[in-house]
There are 2 protein chains.
Amino acid sequence: MFEARLTQGKIFKQLIEALKDLVQDANIDCSEDELSIQAMDSSHVSLVQVNLQAGGFDHFRCDRTISLGFNSTNMSKILKCAGNDDVITLKAEDTADALTLMFESPGQDRIADFELKLMDIDAEPLGIPDTEYQCTIRMPSGEFQRIIRDLQVLGDTCVISCTKEGVRFSVSGDLGTGNVLLRNNAAEKEEDQVIIEMEEPVELTFALRYLNFFTKATSLGGSVILSMSPEVPVVVEYPIEEFGHIKYYLAPKIDDDA
Amino acid sequence: MFEARLTQGKIFKQLIEALKDLVQDANIDCSEDELSIQAMDSSHVSLVQVNLQAGGFDHFRCDRTISLGFNSTNMSKILKCAGNDDVITLKAEDTADALTLMFESPGQDRIADFELKLMDIDAEPLGIPDTEYQCTIRMPSGEFQRIIRDLQVLGDTCVISCTKEGVRFSVSGDLGTGNVLLRNNAAEKEEDQVIIEMEEPVELTFALRYLNFFTKATSLGGSVILSMSPEVPVVVEYPIEEFGHIKYYLAPKIDDDA
DNA sequence: GTTGAGTTGC
DNA sequence: GCAACTCAAC
């Protein structure tokens, strides 16, 4: 059987919220080492990938690898029934067609359990090579969210160009154009830092619509890490301290103009 | 060329917010002395007029008078991309069809620049005689906002009557009637003062809808000044300390009942 | 069109 | 810290 107990149930709530707008159905894959979720969005443009290390749970048991296919809207509905301070426990028998979610209030004076019906989902083979990237930008996640939200006012496509000095987000549309430049900035507070590691400058173009979906993960942590290389998908990673991460992949638009 | 730098960018944000509900399109007119905006509201009932002295900017350069026609909704959208603590710089070439807005974060580690496409607007000839008024009331701007908001509950028309003793705002509607009387009051704090200067008592009737639009300027300053004479438009002025003002003009309703 | 969440100002 | 407002999701 599978059983995972998470004192900070809020993290699991936030993770599901951070992918439900993007993917309809997905598998929770559990091994004895970790819980992971991988899925492409409905239009097969982007990919989301969640990893939670077994050690980050307060209790974790997984007798055999198991795939639990869920509908993210329904999962979200059930998780709305959990308080942000609740302890959340996930349970499934090896052969079960349902996932049990248990919500315990901090004082244990309220215990709720829900069963979410599961579904069989064709697990798409998702080979994600763990490559080196030419540019890596760590910045405050709130800042990234703000920039994406702002630029959306002006258009639906955004150019991200990274040099040693900083990273520039540009948009152009009917009302006009916009640019936001963040300088490499080793602020005192780690959460305010903008840290760029770069071998070669990189400039890529993306659909703001998807970048905006990604920022639903903002509340999971203070930092976001963008990794870019020419002609390959950008990785937008929200690390979850001592526990894992949620990563989004989005292929750049190809400039036919060039 | 034209270039104006404003450390307190918030003021410009607030000004645009204070007129965008009232006017769709307007010109920013710049001379070497000042930046001004004048426009009638869409239904040609009221008029708004902004003046900012060149000396109030941290840098101001205007080689030749220039009119920059903008759509206030679009301007507002772009200004939403500026933080309240940002330094805002406006720039335009003499022949430009776009206005450049630059937003610098306090620490300068974030620099954003936007271009707003401009439009040609027929500048309506707006002769505003600088007359003496029979009554002038200076009161806390928050108090004025509160009164207008409260009275709107009861009706859509408001009578303002000013005597030496005080100013009375009256409304009458289906639910009942309401009156708010403010006494002449030389409070210690200047911002709490209600100061009435009067030659003859004046009583005028106005549409609350427009007075309410005017109160969008409340955050620009602690005081508002109402100037009234019989049968001419009231002036609702929000002074901006050491810098300029935003003034609204609204014609009184004529009592056919009388 | 309705509702909810986030953000921002008081 | 609270409330209003605005934007986005359903």
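A quick note: this is a predicted structure, and the numbers were derived from the prediction, not measured. Lettering follows sequence order; numbering is per chain, from 1.
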Would you indicate what A:T73 reaches in the nucleic acid, counting non-hydrogen atoms under 4.0 angstrom: base, sugar-phosphate, or nothing? nothing
Rounded to the nearest angstrom, tell me the gap between atom NZ in A:K13 and atom C1' in C:dG4. 13 Å
Grab the CD-C1' distance between A:Q152 and C:dG6 for me, whole Å please. 15 Å
Please state how far atom CG in A:D21 lies from atom C1' in D:dA8, giving the value in whole angstrom units. 9 Å
Check: B:D41 side chain, B:S46 main-chain N or O, donor-acceptor pair, under 3.5 Å: yes
Atom pair distance, as rounded to whole Å: CG in A:L220 and P in C:dG6: 12 Å
Is the phosphate of C:dG6 approached by A:Q145 (side-chain N or O, under 4.0 Å from OP1 or OP2)? no
Worked verdict on A:F214 versus A:Y238 for ring pair (Phe, Tyr, Trp, His ring centres under 6.0 Å): CA-CA 9 Å; A:F214 301 169; A:Y238 295 83; 8.5 Å; no
I need the NZ-P distance between A:K77 and C:dT3, as an integer number of Å. 16 Å
Nearest to side-chain heavy atoms of A:N212, which nucleotide of C:dA5, D:dA9, C:dT7: D:dA9
Using a heavy-atom cut-off of 4.0 Å across all strands, would you classify A:K216 as base, sugar-phosphate, or nothing? sugar-phosphate
Gap separating the CZ atom of B:F144 from the CZ atom of B:F169, nearest 0.5 angstrom: 6.0 Å
Whole angstrom value for the distance that separates C1' of D:dA8 from CG of A:D150: 15 Å
Euclidean distance, atom CZ of residue A:R149 to atom C1' of C:dA5 [Å, nearest integer]: 12 Å
Measure the distance from CZ on B:R146 to C1' on D:dA3 and round it to the nearest whole Å. 14 Å
Check against side-chain hydrogen bond (donor to acceptor under 3.5 Å, both in side chains), A:T215 and A:Y248: CA-CA 10 Å; A:T215 63; A:Y248 301 90; over 6 Å; no
Nucleotide nearest A:K20 (side chain, heavy atoms from C-beta), chosen from C:dC10, D:dC10, C:dT7: D:dC10
